[in-house]
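One-based numbering, in listed order, for ligands and for the atoms of each. The basis for the numbers below is simple: all heavy atoms, side chains too, and nothing from hydrogens, waters or symmetry mates.
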Amino acid sequence: MSALPVTLEAVELHRIGMPLVRPFETSFGRQTAREVLLVRVRTAEGEGWGECVAMTDPFYSHEYVDGCEAVITSYLAPALLAARTLRADDVAGLLRFVVGHRMAKAALETAVLDAQTRAAGLSFGEFFGAVRPEVDCGVSVGISPSIDELLEEVAGYRDAGYRRIKLKIKPGWDLEPVAAVRELLGPAALLQVDANTAYTEADIDHLRGLDPFGLLLIEQPFVEEDIRTHVRLARAIDTPVCLDESITGVDVAIDAIERDATSIVNIKPGRVGGYLEAIRIHDACLERDVPVWCGGMLETGVGRAANVALAALPGFTLPGDTSASDRYFAEDLTESFVLVDGRLAVPAGPGSGVTVREELLGDWALRTPVVLSVS
Ligand code: SMG
Ligand code: MG
């Protein structure tokens, strides 16, 4: 579905801090708050918002909030402001002169897409090609201080209706918690694990110990650049291997699939440079019968709205890390996303379909917004 270009007048960068309802621990660290960089574009046709998914520290990937803000301020926003009249489709090409920095680029592309689709009266769901009004949701469960606390947390999410549980694992926190959660949930529950690159080739035998638990998949056990060891693991275990960090674009996705390094793909729009590239990955996977699911980066309602629309595409056949707002936040920056029967509704209004609550933007501001305008 097409939409007319917008005329860009200014790019605003907002930095907010939101406390998490409970700490979230992964193999690379523990966080108690979410620092978020939000981009607002002001155009002649109206405004649009994009959320940068980078974390405070460069531990999930090389990108991080300060770095994203710097590259947007010095390079990316000036290039878009110089182009002046543009569509979301033009953004990746206009920003190609900067190597990498996909999360920063994705935030800008999404803001332009939001402005453009709002002006056209099209929802993200319509623009992306959504085929369902609501999506099945999973939840990502952090590393816990004890198995008992883990079981209590998982039972809470089960009772809330989540359709799939993902456990964060690392060496020393893998077989035992997985066994305990499988026992708690029973054999039919959808259960998967995510290692965030914490293992090495020497752990392949150990990871085979996950096979008896009937997991949906194991996500990214080895470092981002190491496709080869994922191929070796996939040959050695029955549990399907799913790449997250490694998949930075559609060509890498196709390569990893053809090499049998991944039989399921986690699609995170921020990690791949935006929703348009995310859709290309979805299409390539659908063509190859590779199931995909939508990853999460502890997004506010701004990013969550877009993720839910993406997850409504036909190839998203597994529940995503598209949890309800209250999984992370006591209060969301937009309308709350509320789980109903384990699902979230795809917003139907124009653009992302959600509205930023500007008073909260002020309350949670970590500093004054940066405004970049046409020179
Ligand atoms: O948004 O529910 C969410 C987060 C899901 O586990 C999640 N994300 O590797 O998939 C992943 C992680 C990356 C962020 S960890 C701080
Ligand atoms: Mg992951």
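Taking the Mg ion (ligand 2) as reference, the nearest N/O/S atom within Glu219 carries the name OE2. Residue-level check: among N/O/S atoms of Asp244, OD2 sits closest to the Mg ion (ligand 2).
Considering only non-hydrogen protein atoms, atom 6 (O) of ligand 1 sits nearest to Ser140 OG, 2.7 Å. Residue, atom and distance of the protein heavy atom nearest to atom 8 (N) of ligand 1 are Gly296 O, 3.0 Å. Closest protein heavy atom to atom 1 (O) of ligand 1: Leu298 N, 2.8 Å. For atom 9 (O) of ligand 1, the closest heavy atom belonging to the protein is Asn196 ND2, 2.7 Å. Given atom 13 (C) of ligand 1, the protein heavy atom at minimum distance is Lys268 NZ, 3.5 Å.
The heavy atom nearest to atom 12 (C) of ligand 1, out of those in Arg34, Met55, Met297, Lys168, is found in Lys168. Between the choices Lys166, Glu25, Gln31, Arg271, the shortest heavy-atom distance to atom 10 (O) of ligand 1 belongs to Lys166. Remark: among candidates Tyr328, Tyr60, Phe28, the nearest residue to atom 15 (S) of ligand 1 is Phe28, based on non-hydrogen atoms.
Side-chain N/O atoms of Glu47 and Trp49 include a donor and acceptor closer than 3.5 Å.
An N or O contact shorter than 3.5 Å is missing between Ser323 and ligand 1 by distance. The shortest N or O to N or O distance between Asn266 and ligand 1 is not under 3.5 Å. The distance criterion of under 3.5 Å between nitrogen or oxygen atoms is met by Asp194 with respect to ligand 1.
When non-hydrogen atoms are compared, ligand 1 lies under 4.0 Å from neither the backbone nor the side chain of Arg327. Only the side chain of Asp244 comes within 4.0 Å of ligand 1, counting heavy atoms alone; its backbone N, CA, C and O stay farther away. The residue Phe59 has no part lying near ligand 1, judged by heavy-atom distances below 4.0 Å.
Taking CD1 from Ile16 and CG from Leu366, the interatomic distance works out to 8.0 Å, rounded to the nearest 0.5 Å.
Arg34 places none of its side-chain heavy atoms less than 4.5 Å from the side chain of Phe24. Here the side chains of Val338 and Ser325 are not in contact, with every heavy-atom distance at 4.5 Å or above. Between Leu185 and Ile165 there is a side-chain heavy-atom pair separated by less than 4.5 Å.
The side chain to side chain contact (heavy atoms under 4.5 Å, CB included) test with Leu310 singles out one residue from Val135, Val346, Ile267, and that residue is Ile267.
Classified by interplanar angle (parallel below 30°, tilted 30° to 60°, perpendicular above 60°), the ring pair His282/Phe316 is parallel.
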Assess whether ring pair (Phe, Tyr, Trp, His ring centres under 6.0 Å) is satisfied between Tyr64 and Phe59, documenting all intermediate values. CA-CA 8 Å; Tyr64 64 110; Phe59 300 163; 9.2 Å; no

Ring pair (Phe, Tyr, Trp, His ring centres under 6.0 Å) between Phe222 and Tyr199, intermediate numbers included: CA-CA 5 Å; Phe222 313 118; Tyr199 294 89; 7.4 Å; no

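Figure legend: cation-pi geometry between Arg164 and Trp293, with NZ or CZ positioned under 6.0 Å from the six-membered ring centre and within 45° of its axis.
The Mg ion (ligand 2) lies under 2.8 Å from an N, O or S atom belonging to Asp194.
Taking every non-hydrogen atom of Glu219 and a distance limit under 4.0 Å, the qualifying atoms of ligand 1 come out as 10 (O).
Formation of a donor-acceptor pair under 3.5 Å by the Arg42 side chain with backbone atoms of Glu9 is not found in this model.
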